[in-house]
Asks: 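Pasting a structure here, questions to come.
These numbers come from a predicted model, not from an experiment.
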Amino acid sequence: MSNQTQLLEAVTLAQAGDWDAAHNIAQDYSDHTANWIHAVLHKVEGDVWNSKYWYGRTGGRQYEDYAADIPRELEAIRQVLVSSGD
């Protein structure tokens, strides 16, 4: 499976509430989008410091960009992945 496919799976799992499985996938990659997923997952956990650390590795995304609208942020990540294509 490609990185994109794996990261889409992580987003799908996160959207379904399976944070641990999504985290297991996201932590295996180090590109900006994977780091964004990782940041959101730590935001969901309430781990602000760790979340902000991962946002710092996203290439410009900020913790505050989507406030606490996790579903909208996950959908934005999905759209980035889909639009990037393989």
Asks: Are Tyr55 and Val40 close enough that some pair of their side-chain heavy atoms sits under 4.5 Å apart?
Replies: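 Tyr55 reaches Val40 side chain to side chain.
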
Asks: Please say yes or no: joined through hydrophobic side-chain contacts below 4.5 Å, possibly via intermediate residues, are Leu81 and Trp54 part of one cluster?
Replies: no

Asks: Return the set of residues passing salt bridge (charged side-chain N to carboxylate O under 4.0 Å, His left out) with Arg57 (not counting sequence neighbours), or none when no residue passes.
Replies: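 Testing Arg57 for salt bridge (charged side-chain N to carboxylate O under 4.0 Å, His left out), a comparison that skips the adjacent residues, returns none.
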
Asks: If we ignore hydrogens and angles and just use 3.5 Å, is the side chain of Ser51 paired with the main-chain N or O of Ala39 as donor and acceptor?
Replies: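 Judged by distance alone, yes, a pair lies under 3.5 Å.
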
Asks: Just to verify, what does Glu75 make a side-chain contact (heavy atoms from CB on, under 4.5 Å) with, not counting sequence neighbours?
Replies: Gln15, Arg78, Gln79

Asks: Quick one: which residue pairs count as a salt bridge (Lys or Arg N to Asp or Glu O under 4.0 Å) with a foot in residues 18-45, not counting sequence neighbours?
Replies: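 Listed by first then second residue: Lys43-Glu73.
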
Asks: Hey, could you give me the CD1/CG distance between Ile37 and Leu7, rounded to the nearest 0.5 Å?
Replies: 4.5 Å

Asks: For residues 59-68, which side-chain N or O atoms pair as donor and acceptor with protein atoms under 3.5 Å away, sequence neighbours left out?
Replies:
from, atom 1, to, atom 2, distance (Å)
Asp65, OD2, Gln62, N, 2.8

Asks: Given side chains that start at C-beta, do those of Trp36 and Val80 come closer than 4.5 Å, heavy atoms only?
Replies: yes

Asks: Any side-chain heavy atom of Glu9 within less than 4.5 Å of one from Thr5?
Replies: no

Asks: Can you measure from NE2 (His38) to CG (Asn50) and round to the nearest 0.5 angstrom?
Replies: 6.5 Å

Asks: Do the non-hydrogen side-chain atoms of Lys52 and His42 ever get within less than 4.5 Å of each other?
Replies: no

Asks: Could you state the interatomic distance from OG1 (Thr12) to CG (Leu74), rounded to the nearest 0.5 Å?
Replies: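 Output value for this atom pair is 9.5 Å.
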
Asks: Shared ILVMFWY cluster between Ile77 and Tyr53, side chains joined below 4.5 angstrom?
Replies: no

